[in-house]
S.K.: 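Here you go, one structure.
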Amino acid sequence: MNSTDIQIALVGNAPKEQHSLLNSMLDEEGLTDLCDIVLYGADGQPEYEALQDALDDYTDGQIQGIVCLPMAKPAEELVGRALEKSGETFAVLDNGIIRVGSVLTANNTETASKQLTSEAIQKRGKQLWRMLKRDLNVQNPRIAVLSVGDNVDVTDGSTDITVIAPAITEMVKEGIHAFGPVNAATFFASEKYKAYDAVLQMYGTQCTEAYRALTTESVITLIGGTETPIASAEAEGIYRALWAVIDMKRNRKEYDLPFANPLEKLYHERKEDGEKARFAVKKKGFNPAEHRRENVKFVTKNTLQQEQEAKNTDTTTK
């Protein structure tokens, strides 16, 4: 046990050609100061069973996060199955520059256009926004929403106009800074991505090639939709994935702290009980028209009274 008292599960069977790289990385002094690594599945245990054991140990408090090596199926799919939350977990790519989340798992524009709904876009947009704030400590996230095709289709009845644009409008109403739809084909090449914290693409392979070309760094995958901090990476990206999981754990703790054990709302402060009745009275709203009518009545009444008093004075004098 090291001084950090942080245990991270490393799940999966690494290919033999990566064993030397993996072992040398795990022996690095800087890593041992960062956390303790607990291996799951290294003895030939099936990937799903190893992942299930790691998730159980997280629930029991024995580990603080999970890093998955490449598996036969996507990590988010296996995690969803293990937690009985299939369809709720999702993947967010992180290349160290910007993050990318996907609405659908489709692999082409035609399929995505048929399957897309405004509700699905809103749901994933909200999940991505919350992940940016809670897991990644982005204070005021800006999310670019891509068009379903290479370019925005502004013709009547297009998916961009009837599905994507209304979803963006609804997200904005809820305080999410979503922008678009923007042209998917030129988004990364034109460097428009520099104005945003994350990108919401319509399907999983839409901009993968252009996204990976932004940097030579390995891309890691962050798993959303679960309370367990989880990341997936190739062997070269394990170090970054470990850091990401540890940061996710710490960021969540800081984000959740202000919302824990909130004080009950007080009815009044330093007031006698007799004040309650006064506070409970529903005050009549101010009506300018009624106010004017009351003033007119008041002025008229006083004018007539003054005239009558004047006449009485004249009569008395005479």
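Any value given below was found using the heavy atoms of this structure, including those in side chains, with hydrogens, waters and symmetry copies removed.
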S.K.: Give me the atom names and distance for the closest heavy-atom approach of G125 to I143.
M.R.: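 Residues G125 and I143, closest heavy atoms: O-CD1, 4.0 Å.
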
S.K.: Taking the side chain as every heavy atom from C-beta outward, state whether L146 and C207 have any pair of such atoms under 4.5 Å apart.
M.R.: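 When only atoms from C-beta onward are counted, C207 and L146 do touch, with a gap below 4.5 Å.
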
S.K.: Say whether, by atom type as modelled, one donor and one acceptor occur between the side chain of D160 and the main chain of A165 under 3.5 angstrom.
M.R.: no

S.K.: Whether the side chain of K133 engages the backbone of Q139 through a donor-acceptor N/O pair (distance < 3.5 Å, no angle test) should be reported.
M.R.: yes

S.K.: Where do A178 and V172 come nearest, in terms of heavy atoms and distance?
M.R.: O-CG2, 3.7 Å

S.K.: Side-chain contact test, heavy atoms from C-beta onward, threshold under 4.5 Å: evaluate it for I121 versus M171 and give yes or no.
M.R.: yes

S.K.: Nearest 0.5 Å, what's the CG-CD distance between L78 and Q52?
M.R.: 10.5 Å

S.K.: Keeping to residues at least two apart or across chains, list the side chain to side chain donor-acceptor pair (under 3.5 Å) pairs with something in residues 58-76.
M.R.: Y58-K249

S.K.: Distance only, no hydrogens: is a donor on one side chain within 3.5 Å (strictly under) of an acceptor on the other, for Q45 and D53?
M.R.: yes

S.K.: Please collect all side chain to side chain donor-acceptor pair (under 3.5 Å) contacts where either partner lies in residues 176-195, sequence neighbours excluded, each pair once.
M.R.: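 Sorted pair list: N140-H177, E191-K194.
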
S.K.: Check ring pair (Phe, Tyr, Trp, His ring centres under 6.0 Å) between Y48 and all other residues, then give those that pass, not counting sequence neighbours.
M.R.: none

S.K.: Might you work through the side-chain contact (heavy atoms from CB on, under 4.5 Å) test for Y203 and L116, ending with a clear yes or no?
M.R.: CA-CA 9 Å; Y203 56 94; L116 268 180; over 6 Å; no

S.K.: With sequence neighbours excluded, tell me which residues meet ring pair (Phe, Tyr, Trp, His ring centres under 6.0 Å) with F90.
M.R.: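 F90: no ring pair (Phe, Tyr, Trp, His ring centres under 6.0 Å) contacts found.
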
S.K.: Got S102 and R124 here, is their nearest side-chain heavy-atom distance under 4.5 Å?
M.R.: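 They are not in side-chain contact.
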
S.K.: Side-chain heavy atoms under 4.5 angstrom apart, residues restricted to Ile, Leu, Val, Met, Phe, Trp, Tyr: same cluster for I176 and V92?
M.R.: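 Yes, same cluster.
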
S.K.: Between Q127 and R130, is there a side-chain donor-acceptor contact under 3.5 Å, judged purely by atom types and distance?
M.R.: no

S.K.: With sequence neighbours excluded, what pairs up with R212 under the salt bridge (Lys or Arg N to Asp or Glu O under 4.0 Å) test?
M.R.: none

S.K.: Looking at side-chain heavy atoms only, is the closest gap between Q206 and V199 below 4.5 Å?
M.R.: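 A side-chain contact under 4.5 Å is absent here.
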
S.K.: Tell me, please, which residues at least two apart from K253 pass side-chain contact (heavy atoms from CB on, under 4.5 Å).
M.R.: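 Residues passing side-chain contact (heavy atoms from CB on, under 4.5 Å) with K253: none at all.
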
S.K.: Honestly curious: do I8 and I223 fall in one hydrophobic cluster under the side-chain, below-4.5 Å linking rule?
M.R.: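 In one cluster with I8: I223, no.
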
S.K.: List in chain and number order the residues that pass salt bridge (Lys or Arg N to Asp or Glu O under 4.0 Å) with D156, two or more places apart in sequence or in another chain; answer none if no residue qualifies.
M.R.: none

S.K.: Under 4.0 Å between a side-chain nitrogen and a carboxylate oxygen: does that hold for R99 and D197?
M.R.: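 Looking at D197 together with R99, the answer is no, because their closest N to O distance does not fall below 4.0 Å.
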
S.K.: Using atom types as modelled and distance alone, determine if a side-chain donor or acceptor of Q115 lies under 3.5 Å from a backbone N or O of A106.
M.R.: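 No, because the side chain of Q115 does not come within donor-acceptor range (under 3.5 Å) of the backbone of A106.
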
S.K.: For M202 and V145, what are the C-alpha separation, side-chain angles and deciding distance, and is it a side-chain contact (heavy atoms from CB on, under 4.5 Å)?
M.R.: CA-CA 8 Å; M202 295 302 105; V145 182; 3.7 Å; yes

S.K.: For L10, run the side chain to side chain contact (heavy atoms under 4.5 Å, CB included) check against I63, I66, I238 and tell me which one passes.
M.R.: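 Only one option passes, and that is I238.
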
S.K.: Restricting to salt bridge (Lys or Arg N to Asp or Glu O under 4.0 Å), what partner residues turn up for E254, sequence neighbours left out?
M.R.: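 With neighbours one apart ignored, the set is empty.
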
S.K.: Can you name the nearest heavy-atom pair linking A91 to T221, along with the distance?
M.R.: CB-CG2, 3.5 Å

S.K.: Work out which heavy atom in E234 is nearest to a heavy atom in P70; give both atom names and the distance.
M.R.: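 Looks like OE1-CG, 3.4 Å.
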
S.K.: Indicate yes or no: at least one non-hydrogen side-chain atom of I37 is less than 4.5 angstrom from one of L242.
M.R.: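 SC-SC contact between I37 and L242 confirmed.
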
S.K.: L214, V100: one ILVMFWY side-chain cluster at the under-4.5 Å cut-off?
M.R.: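 Yes, one cluster joins them.
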
S.K.: Is there any side chain to side chain donor-acceptor pair (under 3.5 Å) pair reaching into residues 142-155, and which pairs are they, with sequence neighbours excluded?
M.R.: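 Every side chain to side chain donor-acceptor pair (under 3.5 Å) pair that includes a residue of residues 142-155, provided the two are not neighbours, is D153-T155.
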
S.K.: Measure the spacing between CG of L136 and CG of L128 and express it to the nearest 0.5 Å.
M.R.: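 Here the interatomic distance stands at 9.0 Å.
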
S.K.: Sequence neighbours left out, what passes salt bridge (Lys or Arg N to Asp or Glu O under 4.0 Å) with E88? Give chain and number order.
M.R.: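 Salt bridge (Lys or Arg N to Asp or Glu O under 4.0 Å) check on E88 returns K123.
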
S.K.: Any donor-acceptor pair under 3.5 Å linking the side chain of Q201 with the backbone of G204?
M.R.: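 Between the backbone of G204 and the side chain of Q201 there is a qualifying donor-acceptor contact (under 3.5 Å).
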
S.K.: Determine whether V182 and F188 fall in the same hydrophobic cluster, where Ile, Leu, Val, Met, Phe, Trp and Tyr are linked whenever their side-chain heavy atoms lie under 4.5 Å apart.
M.R.: yes

S.K.: What is the minimum heavy-atom distance between I220 and A233, and which atoms define it?
M.R.: CG2-CB, 3.8 Å

S.K.: L104 and L200: same hydrophobic cluster, using ILVMFWY side-chain contacts below 4.5 Å?
M.R.: yes

S.K.: Using every non-hydrogen atom in the two residues, find where L222 and A231 come nearest and quote the distance to one decimal.
M.R.: CD2-CB, 4.0 Å

S.K.: Running the 4.5 Å side-chain criterion over Ile, Leu, Val, Met, Phe, Trp and Tyr, what cluster does V154 land in, apart from itself?
M.R.: V152

S.K.: Strictly by salt bridge (Lys or Arg N to Asp or Glu O under 4.0 Å), give each pair with a member in residues 172-188 just once, sequence neighbours left out.
M.R.: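 Residue pairs passing salt bridge (Lys or Arg N to Asp or Glu O under 4.0 Å), neighbours aside: K126-E174, E170-K173.
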
S.K.: In the structure I gave you, are the side-chain heavy atoms of L55 and I230 within less than 4.5 Å of one another anywhere?
M.R.: yes

S.K.: Given side chains that start at C-beta, do those of D135 and Y255 come closer than 4.5 Å, heavy atoms only?
M.R.: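 In short, these two side chains do not touch, never coming nearer than 4.5 Å.
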
S.K.: Can you tell me how far apart CZ (R134) and CG (D256) are? Round to the nearest 0.5 Å.
M.R.: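 Separation between the atoms: 4.0 Å.
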
S.K.: For the side chain of Y211 and the backbone of L93, is there at least one donor-acceptor N/O pair under 3.5 Å apart?
M.R.: yes

S.K.: Any side-chain heavy atom of V11 sitting closer than 4.5 Å to one from M71?
M.R.: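 They are in contact (side-chain heavy atoms under 4.5 Å apart), so the answer is yes.
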
S.K.: So, does S118 use its side chain to make a donor-acceptor pair with the main chain of V163 at under 3.5 Å?
M.R.: yes

